[in-house]
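Side-chain atoms are counted along with the backbone in the values below, which use heavy atoms only and exclude waters and symmetry mates.
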Amino acid sequence: MSGLAALRGFGINITSSGAGLTADTYPDIVRSLEVRLAVARSEFYFPDLDSTMTLVEFNSRSPGFFSLLWGSLKKVTVQLPGTIKSLFQENHTTTIAGYEWETVYLSEEEYKTTKVLLSQLSLGISRTNGIMTIAVTTHDPMLSVQIINTFLIHLKKRVREIYTEKAIENVDFIR
């Protein structure tokens, strides 16, 4: 499903001509925190556990004794300054040139899961024909396929949001 025709079947056009999104922006959208967080919060079936859960839940399962001991030691030594800093952080809203963004604070599990997703994800785009390839490497090939399909769904959703925002801006400008 890495061909241009397959992506067009999902409602995605990655041609480099015309206005709007170019072929170079699609890998950035896939790597964006919004898309990765949406994928991390999506549910997947794990055949090893015979259970359905989100990637965040899967990555935050109860570890073994040694992992638990190592994590506890790390929290009170290496991660102590970050833990203290997080106690004093507040949720902020930033307004720049009429646009408002809310700063998103992830839980520790969500942050770790989005980092793991970024490390498992590999993207490529061919300059000659505009074909984008998405690959995810996990311990289970079926899980990798599920994650790739979820990335495609959330990529399509995010691209539609971007085009909708641009259309609203154009209508406001014309008014």
- Answer whether the closest heavy-atom distance between the side chains of V35 and F151 falls below 4.5 Å. yes

- Side chain to side chain, L123 and T133, heavy atoms closer than 4.5 Å: no

- Output all residues satisfying side-chain hydrogen bond (donor to acceptor under 3.5 Å, both in side chains) with Y111, sequence neighbours left out; order by chain, then residue number. none

- Would you call I134 and M132 a side-chain contact if the rule is heavy atoms closer than 4.5 Å? yes

- Return the set of residues passing side chain to side chain contact (heavy atoms under 4.5 Å, CB included) with I162 (not counting sequence neighbours), or none when no residue passes. L21, I29, R158

- Item | Side chains of I168 and Y163 in contact at under 4.5 Å (non-hydrogen atoms) | no

- Which residues satisfy the side chain to side chain contact (heavy atoms under 4.5 Å, CB included) test with T128, sequence neighbours excluded? S126

- Cationic N near anionic O, under 4.0 Å, R61 to E57: no

- Task: Kindly determine whether E109 and N59 satisfy side-chain contact (heavy atoms from CB on, under 4.5 Å), including the steps that lead there.
- Result: CA-CA 7 Å; E109 292 84 15; N59 287 336; over 6 Å; no

- Query: Yes or no on side-chain contact (heavy atoms from CB on, under 4.5 Å) for T52 and F58, after CA distance, side-chain angles and deciding distance?
  - Reply: CA-CA 9 Å; T52 302; F58 177 76; over 6 Å; no

- Given side chains that start at C-beta, do those of Q120 and V116 come closer than 4.5 Å, heavy atoms only? yes

- Message: How long is the straight-line distance from CD of E161 back to NZ of K156, given to the nearest 0.5 Å?
- Response: 12.5 Å

- Work out which heavy atom in A40 is nearest to a heavy atom in T54; give both atom names and the distance. O-CB, 3.6 Å

- Check side chain to side chain contact (heavy atoms under 4.5 Å, CB included) between K166 and all other residues, then give those that pass, not counting sequence neighbours. E169, N170

- Run the numbers on L117 and I147 for side-chain contact (heavy atoms from CB on, under 4.5 Å), then give the verdict. CA-CA 9 Å; L117 271 175; I147 293 173; 4.1 Å; yes

- Inter-residue atom distance H154.NE2 - R36.CZ, 0.5 Å rounding: 13.5 Å

- Only counting residues at least two apart or in another chain, list the ones meeting side-chain hydrogen bond (donor to acceptor under 3.5 Å, both in side chains) with T150. none

- Indicate the atoms forming the closest heavy-atom contact of Q146 with Y45, along with that distance. OE1-N, 3.1 Å

Please list, one pair per line, the donor and acceptor atoms closer than 3.5 Å that link side chains of residues 136-143 to other protein atoms, with sequence neighbours excluded.
| residue | atom | partner | partner atom | Å |
| --- | --- | --- | --- | --- |
| T138 | OG1 | D140 | N | 3.4 |
| T138 | OG1 | D140 | O | 2.8 |
| T138 | OG1 | S144 | OG | 2.6 |
| D140 | OD1 | M142 | N | 3.4 |

- Item | Which residues share a ring-ring contact (aromatic ring centres under 6.0 Å, His included) with F44, sequence neighbours left out | none

- Message: Holding to side chain to side chain contact (heavy atoms under 4.5 Å, CB included), I want the full list of residues that pass it with E110, two or more places apart in sequence or in another chain.
- Response: L37, R41, V56, L106, S107

